[in-house]
Chemist: 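Before we start, here is the structure in question, set down as structure tokens.
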Amino acid sequence: MGQSVILHLEQVSKQFSRQDIPAVQNVSLTLDQGDILGLLGPSGCGKTTLLRMIAGFEQPQSGIITIAEQVVASPDCWLPPEQRDVGMVFQDYALFPHLSVEKNVAFGLQNIKKKSKEDLKQRVSEALGLVGLSGLGNRYPHELSGGQQQRVALARALAPRPALVLLDEPLSNLDVQVRHRLRQELRDIIKAAGTSAIFVTHDQEEALSISDWVAVMRSGCLEQCGTPEEIYQQPASRFVAEFVTQANFIPAQRRGDLWETELGCIAIDGNIIERAFNGNSNNFDQVELMVRQEDFILEPDKDAPVIIRDRQFLGRELHYSLQVPSGRELVARTRAGAALSIGTRVHVSVANDAVQVFPAKSKSTQSNWKPFVRVKR
Ligand code: ADP
Ligand code: MG
């Protein structure tokens with residue numbers, strides 16, 4: 001099956017009245033049929049507003065939204081939600097408490113007029129089968145667990161076989177274990193249904209594990225769009241790096257071919273530097289090196305300037321809080337093995353290719369810095 005475009009946003013913006021900056025600002029992106037897009041960003045960055053514009057619950061001020069090759073919102077056209085080929089799943093399930101599971105799911109089919117009663121029954125049972133709830137059709141929402149209720153909501157959204165399912169933080173109300181299990185199930189169900197989906201979350205791990213593509217939003221803007229691996233390994237901006245990986249940032253100064261940091265001098269591959277500065281690296285003598293928590297190598301060394309200030313045992317991993325001479329704190333994660341005790345002085349090194357380079361956080365370089373935003377075409 002050749003991939004076709006299921007959703008296209010072009011420069012979509014929305015500013016609510018009494019808002020200083022737009023909730024969503026010039027967002028453009030493209031999603032192919034069958035793909036799952038994770039929309040990731042901190043609370044208040046505009047995720048729900050963007051989703052509601054795609055669903056048709058909010059009208060953009062400018063921009064064009066196209067779903068399955070049909071323009072649904074543009075300066076001179078507007079289709080209401082029921083005329084868009086989308087299903088929606090909310091954080092709070094939004095089931096009807098007085099309707100059985102079956103009737104809740106059938107509610108999603110009420111716009112499909114020409115179907116016979118048998119057809120409808122068939123569709124409902126198919127949708128319940130898809131989400132693993134066959135046999136529970138006569139129950140009422142209060143007789144189900146939170147995870148089961150969310151699956152009913154998903155069945156209701158999938159029953160009309162929409163081109164696109166929009167899920168707004170669907171797992172946020174569930175406790176951690178259910179959330180982790182349902183993550184993978186959700187992905188499997190969406191893939192089995194053969195539909196495309198946008199999955200909104202503020203949880204990095206959730207976005208990376210569920211999605212084929214991840215779009216990171218910040219203050220209404222799309223900061224980066226890429227595969228989960230690209231977002232994690234090549235964050236396009238310091239914001240993405242901090243938000244997605246909770247990475248460490250270490251100031252560094254150019255010293256000939258090396259970069260001097262308070263951990264010592266580090267050699268960095270020239271290609272990494274050139275990529276970071278779009279070929280203008282000569283303009284930058286001050287940078288910040290991004291090192292992910294898992295990329296530090298710690299070796300006990302009684303003469304080293306770095307001290308282990310704190311240690312957390314997390315089962316599979318150890319988290320170390322390191323104090324460097326400037327007083328700054330760095331966080332390192334290692335596999336739980338030979339644990340180093342608090343107070344130990346350690347020599348800290350970094351695998352060479354694990355370093356990313358960002359302009360120093362001074363105002364002058366920040367304004368020159370344009371994040372590289374990748375939009376899938
Ligand atoms: P997220 O889902 O990422 O948490 P939202 O899309 O809900 O973010 O909100 C983005 C911004 O728009 C926030 O500043 C929020 O206060 C504002 N906002 C959302 N809905 C409305 C509304 N109906 N009226 C006014 N402001 C709103
Ligand atoms: Mg929201």
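Being a predicted model, the structure only gives us computed values, none of them experimental. Basis for what follows: all heavy atoms, side chains included, without hydrogens, waters or symmetry-related copies. Atoms within a ligand are numbered from 1 in the order they appear, just like the ligands themselves.
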Chemist: Would a search of protein heavy atoms around atom 16 (O) of ligand 1 find one under 4.0 Å away?
Modeler: no
Chemist: Please verify the inter-ring angle class for F96 with H98; under 30° counts as parallel, over 60° as perpendicular, anything in between as tilted.
Modeler: perpendicular
Chemist: Specify the closest pair of heavy atoms between N248 and F296, including all atoms of both residues, with the distance to one decimal.
Modeler: ND2-CE1, 3.2 Å
Chemist: How does R18 reach ligand 1, by side chain, by backbone, by both or by neither, if only non-hydrogen atoms under 4.0 Å count?
Modeler: neither
Chemist: Does the shortest distance from the Mg ion (ligand 2) to an N/O/S atom of T48 fall below 2.8 Å?
Modeler: yes
Chemist: Cation-pi check for Y320 against R333: NZ or CZ below 6.0 Å from the six-membered ring centre and within 45 degrees of the axis, yes or no?
Modeler: no
Chemist: Can you tell me which residue and heavy atom of the protein come closest to atom 9 (O) of ligand 1, and the distance to 0.1 Å?
Modeler: T49 OG1, 3.8 Å
Chemist: Just wondering, do R335 and E294 contact through their side chains at under 4.5 Å, heavy atoms?
Modeler: no
Chemist: Among protein heavy atoms, which sits nearest to atom 27 (C) of ligand 1, and what does the distance come to when rounded to 0.1 Å?
Modeler: F16 CD1, 3.2 Å
Chemist: Less than 4.5 Å apart, any side-chain heavy atom of E102 and any of R139?
Modeler: no
Chemist: Ligand 1 and G46, any nitrogen or oxygen pair closer than 3.5 angstrom?
Modeler: yes
Chemist: Report yes if C45 has an N/O atom closer than 3.5 Å to an N/O atom of ligand 1; otherwise report no.
Modeler: yes
Chemist: At their closest point, which heavy atom of A163 faces which heavy atom of T195, and how far apart are they?
Modeler: O-OG1, 3.3 Å
Chemist: Does any N or O atom in E58 lie less than 3.5 angstrom from one in ligand 1, N or O only?
Modeler: no
Chemist: Which protein heavy atom lies closest to atom 11 (C) of ligand 1, and at what distance to 0.1 Å?
Modeler: Q19 NE2, 3.5 Å
Chemist: Quick one: nearest non-hydrogen protein atom to atom 10 (C) of ligand 1, plus distance?
Modeler: G44 O, 3.4 Å
Chemist: Say whether N173 and Q91, considering side chains only, have a donor N or O and an acceptor N or O under 3.5 Å apart.
Modeler: yes
Chemist: Who's closest to atom 2 (O) of ligand 1 heavy-atom-wise, of T201, D168, T48?
Modeler: T48
Chemist: Answer yes or no: is there an ion pair linking E329 with R309, defined by an N-O contact shorter than 4.0 Å?
Modeler: no
